[in-house]
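All values below come from the heavy atoms of this structure, side chains included, with hydrogens, waters and symmetry mates left out. Within every chain, numbering begins at 1; the chains are lettered A, B, ... in the order of the sequence lines, protein sequences first and strands thereafter.
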Amino acid sequence: MILYQAPRGTTDILPHDQAYWRYVEKEVVNICRLYGYQRIDTPVFEDAGLFVRSIGEETDIVEKETYSFRDRSGDLLTLRPEGTAPVCRAYLEHGMHNLPQPVRLYYITPLFRYERPQAGRYRQHWQFGFEGLGSSDPALDAEVINMACGLYRHLGLRDMVLKLNSIGCRNCRPQYLKSLREYYSRKVHLLCADCKRRLERNALRLLDCKEESCFPLTEQAPKSSEYLCTECKGHFDFLKKYLVILGLEFDLDHRLVRGLDYYTKTVFEIYPPGEKGAQSTVGGGGRYDNLIEEIGGQPTPAVGFATGMERMILNLKRQNISAPTLPQPTAFVAFLGQEAKDKAVAYAAQMRREGISVILASGNRSLKAQLRHANGLGAACAIIIGEEELREGMIVWRDMVKGEQQRLSFEDALSLVRSRESGGES
RNA sequence: GUGAGUGUGGCCAAGUGGUUAAGGCGCCAGGUUGUGGCCCUGGAGAUCGAGGGUUCGAAUCCCUUCACUCACCCCA
């Protein structure tokens, strides 16, 4: 009987799955290099207030999904449920406004949300995200979106759909929210229970409802894009122009609002083809011009994006895209008898000093068993030391792919392996 | 928080009231003297998620509970 298993909503990333993770990570690092984004790592937990302040008290994340606890000194801490607020906190704390603006940062980190797990959704999941801080230029919005789409393209994901909207700023949004509330107030008798609540607390999310009774109403609802102030409208127009220049296709979706309160102007999400269910979003982001001010800094416009590592991998698998295989050991050292084993230990160590990856046979098993093991590991070659070789100061070098072998001195075998390794790379 | 489905050795999985719970993968060991991948043989490994009940008898029926999966809310 198993006494312990991974906590609900968490998962082990086993060796056989690492190829996907390393592949995605490699492309992530590469896209950040291409666009000049620098890595930042922030703590796994933060002062609870940071998230309440930034994400919004009325959001689901803060209301019911955070892992919060008091530490032994009584401080209230929260396991990071999203990546943007901590980056903003670090930007402020380290005076990054003194650096050339905008500052471009990225992170790869686990996040924690207490939710019921399901496909592509975990209580601990990994997100890759990047932020451009300190510029209101719509070209930066376009850059971030281009980067996001570029990442998926580099990974080989096909037919991803970009949805785009602008939800205005604190100057024009109140106006919009007012007409939105007026519109829904007249239809309140048609709304589902959730939406009645949303009308009171967070009217924007009325648009997000997938309830059959509410859905038709959202079609007729006032659109945020029609209420944008001159500045927001100009920003949105420029963004769309840049996206066209970049050759990116996008669907304008006036129902697209994001779950976090800090967004202003640009919001966008990216879906896989044939989206099924609302939780299929692979990545999303937007502009958050007030957030840094909100947590105590100077007004600092910024825009960012985040995408779920698990969801990228899920979609890679759904599209039958395989990850490059990870390197396998080059050599396997087998031996017969204790004296040979002594020699094998020394040889394996010497090969590693030469930078060759080596696995030394375990136990004292038959040669057959040892070679079976070497085969299972995918070793390129085996070095066999038996009594005879021991006597003659030789080893048997066996090519595990061709099945050919020859008797050599250890030094000759070493240079043979070395030449194969460098030759095999090109 | 709500709804649905599923729980049989490490993994997949047959069995739906009746003698020692199939099979496959994987693992281990053999198929003569020191050699892998194919094939053959053998072996280890399961209190049939847990607890209770019905019954002469339960993996199979009932109840409770736990876990997992999928979906909803919401999000990546």
**Student:** Side chain of A:Glu388: nearest nucleotide among B:A76, B:G34, B:A67?
**Tutor:** B:G34

**Student:** Kindly state whether the ring of A:Tyr176 and the ring of A:Tyr227 have centres lying under 6.0 angstrom apart.
**Tutor:**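 Yes.
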
**Student:** When the C1' atoms of B:G10 and B:A44 are considered, how many whole Å apart are they?
**Tutor:**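 So the two C1' atoms sit 13 Å from each other.
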
**Student:** If each of A:Val257 and A:Gly9 is mapped to the nucleotide of RNA chain B with the nearest heavy atom, which maps nearer the 5' terminus, i.e. the 5' end?
**Tutor:** A:Gly9

**Student:** The side chain of A:Ile384 lies closest to which of these nucleotides: B:G34, B:C73, B:C28?
**Tutor:** B:G34

**Student:** For the P atoms, the ones on B:U47 and on B:G34, what distance do you get once it is rounded to whole angstrom?
**Tutor:** 40 Å

**Student:** Nearest to the A:Met400 side chain among B:G36, B:C68, B:C73, which nucleotide is it?
**Tutor:** B:G36

**Student:** Go through the N and O atoms of the side chain of A:Glu389 and the base of B:G34, and report whether any donor-acceptor pair is under 3.5 Å.
**Tutor:**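 Under the 3.5 Å cut-off, the side chain and the base do form a donor-acceptor pair.
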
**Student:** Which whole number of Å gives the distance between the P atom of B:C61 and that of B:A14?
**Tutor:**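 Here B:C61 and B:A14 have their P atoms 15 Å from each other.
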
**Student:** Does B:A22 have a Watson-Crick or wobble mate here (both distances under 3.5 Å), and if so which one?
**Tutor:** none

**Student:** Of A:Arg123, A:Arg121, A:Lys64, which is the lone residue that meets side chain to side chain donor-acceptor pair (under 3.5 Å) with A:Glu115?
**Tutor:** A:Arg121

**Student:** Can you measure A:Tyr114 atom OH to B:U2 atom P for me and round it to whole angstrom units?
**Tutor:**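 Between P of B:U2 and OH of A:Tyr114: 11 Å.
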
**Student:** Return the nearest nucleotide to the side chain of A:Leu367; candidates are B:A76, B:U35, B:U69.
**Tutor:** B:U35

**Student:** Evaluate A:Asn165 against A:Leu252 for side chain to side chain contact (heavy atoms under 4.5 Å, CB included), listing each step before the verdict.
**Tutor:** CA-CA 6 Å; A:Asn165 194 17; A:Leu252 291 176; over 6 Å; no

**Student:** Hey, does A:Ala334 reach any base, or is it just sugar-phosphate, or nothing, if we go heavy atoms under 4.0 Å?
**Tutor:** nothing

**Student:** For B:C28, which nucleotide in any strand shown is its Watson-Crick or wobble partner with both distances under 3.5 Å?
**Tutor:** B:G42

**Student:** Quick check on the 6.0 Å ring-centre criterion: do A:Tyr114 and A:Phe112 meet it?
**Tutor:**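 No: the rings miss the under 6.0 Å criterion.
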
**Student:** Is there a donor and acceptor pair, one atom on the side chain of A:Asn375 and one on the base of B:G36, closer than 3.5 Å?
**Tutor:**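 Present.
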
**Student:** Would you mind reading off the distance between A:Leu314 atom CG and B:A71 atom C1', rounded to a whole angstrom?
**Tutor:**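 The distance from CG of A:Leu314 to C1' of B:A71 comes to 15 Å, rounded to the nearest Å.
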
**Student:** When you get a sec, tell me which of B:A76, B:C70, B:A67 is the closest nucleotide to the side chain of A:Gln118?
**Tutor:**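 Of the candidates, B:C70 comes closest.
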
**Student:** On RNA chain B, does the nearest nucleotide to A:Glu387 precede the nearest nucleotide to A:Gly308 from the 5' side, or the other way round? Give the residue.
**Tutor:** A:Glu387

**Student:** Looking across every strand, which nucleic acid part, if any, lies under 4.0 Å from A:Val401 by heavy atom: base, sugar-phosphate, or nothing?
**Tutor:** base

**Student:** Without decimals, in angstroms, what is the distance between A:Phe335 CZ and B:U35 P?
**Tutor:**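 My rounded result for the distance is 16 Å.
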
**Student:** Can you check whether any acceptor in the base of B:G36 is under 3.5 Å from a donor in the side chain of A:Arg398, or vice versa?
**Tutor:** yes

**Student:** Could you tell me how far B:C73 sits from B:U60 if I compare only their P atoms? Round to whole Å.
**Tutor:** 37 Å

**Student:** Using a distance-only criterion (donor-acceptor N/O pair, under 3.5 Å, no hydrogens), is the base of B:U35 paired with the side chain of A:Gln370?
**Tutor:** no

**Student:** Between B:C72, B:G34, B:A29, which nucleotide has the shortest distance from any of its atoms to the side chain of A:Arg116?
**Tutor:**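 The listed nucleotide nearest to A:Arg116's side chain is B:C72.
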
**Student:** If we require ring centres under 5.5 Å and near-parallel planes under 30°, does A:His125 stack on B:A76?
**Tutor:**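 So A:His125 counts as stacking on the base.
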
**Student:** How many whole angstroms separate atom CD of A:Glu65 from atom P of B:A76?
**Tutor:** 10 Å

**Student:** How about A:Phe305 and A:Phe130: are their ring centres within less than 6.0 Å of each other?
**Tutor:** yes

**Student:** From B:C73, B:A29, B:A76, pick the nucleotide closest to the side chain of A:Arg372?
**Tutor:**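 Output: B:A29.
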
**Student:** For A:Gln5 and B:C68, what is the distance between atoms CD and C1' respectively, to the nearest whole Å?
**Tutor:**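 Rounded to whole Å, this separation is 8 Å.
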
**Student:** Looking at the rings of A:Tyr288 and A:Tyr262, which for Trp means the six-membered one, are their centres under 6.0 Å apart?
**Tutor:**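 Here the rings of A:Tyr262 and A:Tyr288 have centres that are less than 6.0 Å from each other.
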
**Student:** When you compare B:A67 with B:G49, how far apart are their P atoms, in angstrom units rounded to a whole number?
**Tutor:**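 So the two P atoms sit 16 Å from each other.
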
**Student:** Heavy atoms from C-beta onward define the side chain here; which of B:A76, B:A67, B:G34 lies closest to that of A:Gln127?
**Tutor:**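 Looking only at side-chain atoms, A:Gln127 lies closest to B:A76.
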
**Student:** Do the charged groups of A:Asp399 and A:Arg420 touch, with an N to O distance under 4.0 Å?
**Tutor:** yes

**Student:** From C-beta outward on A:Ala119, which listed nucleotide comes closest to its side chain: B:U69, B:A71, B:U35?
**Tutor:** B:A71

**Student:** Give me the distance, rounded to whole Å, that separates B:G52 from B:A59 when you measure between the P atoms they each carry.
**Tutor:**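 About 14 Å, rounded to a whole number of Å.
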
**Student:** With a 3.5 Å limit on both atom pairs, tell me what B:U8 is paired to, counting Watson-Crick and G-U wobble, or say none.
**Tutor:** B:G15

**Student:** In this structure, how many angstroms lie between the C1' atom of B:U35 and the CD atom of A:Gln406, rounded?
**Tutor:** 15 Å

**Student:** Atom NZ of A:Lys402 and atom P of B:G36: how far apart are they, to the nearest Å?
**Tutor:** 19 Å

**Student:** Look at all strands and tell whether A:Tyr122 reaches a base, only sugar-phosphate, or nothing, counting heavy atoms closer than 4.0 Å.
**Tutor:**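 Touches a base.
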
**Student:** Base, sugar-phosphate or nothing for A:Gly403? Non-hydrogen atoms, less than 4.0 Å.
**Tutor:**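 Here A:Gly403 touches the bases of the nucleic acid.
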
**Student:** Go ahead and name the base partner of B:U65; Watson-Crick or wobble counts if both distances stay under 3.5 Å, otherwise write none.
**Tutor:** B:G49

**Student:** Does B:G1 have a Watson-Crick or wobble partner in any strand here, with both distances under 3.5 angstrom, and which is it?
**Tutor:** B:C72

**Student:** Rounding to a whole Å, what distance do you find between A:Glu310:CD and B:U69:C1'?
**Tutor:**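 So the CD-C1' distance, A:Glu310 to B:U69, works out to 17 Å.
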
**Student:** When rounded to the nearest Å, what value does the distance between P atoms of B:C62 and B:C72 take?
**Tutor:** 30 Å

**Student:** Would you mind classifying the nucleic acid contact of A:Glu269 as base, sugar-phosphate or nothing, using non-hydrogen atoms under 4.0 angstrom?
**Tutor:** nothing

**Student:** When rounded to the nearest Å, what value does the distance between P atoms of B:G9 and B:A46 take?
**Tutor:** 10 Å

**Student:** Write down the partner of B:U55 under the Watson-Crick or G-U wobble criteria, each distance required to be under 3.5 Å.
**Tutor:**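 WC or wobble partner does not exist here.
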
**Student:** Is a salt bridge present between A:Glu389 and A:Arg407, judged by a nitrogen-to-oxygen distance below 4.0 Å?
**Tutor:**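 Salt bridge between A:Glu389 and A:Arg407, a charged N being under 4.0 Å from a carboxylate O: yes.
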
**Student:** When you look at CD of A:Glu387, are more than 12 heavy atoms from neighbouring residues, nucleotides or ligands closer to it than 6.0 Å?
**Tutor:**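 Atom CD in A:Glu387 is not packed in, count stays at 12 or less.
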
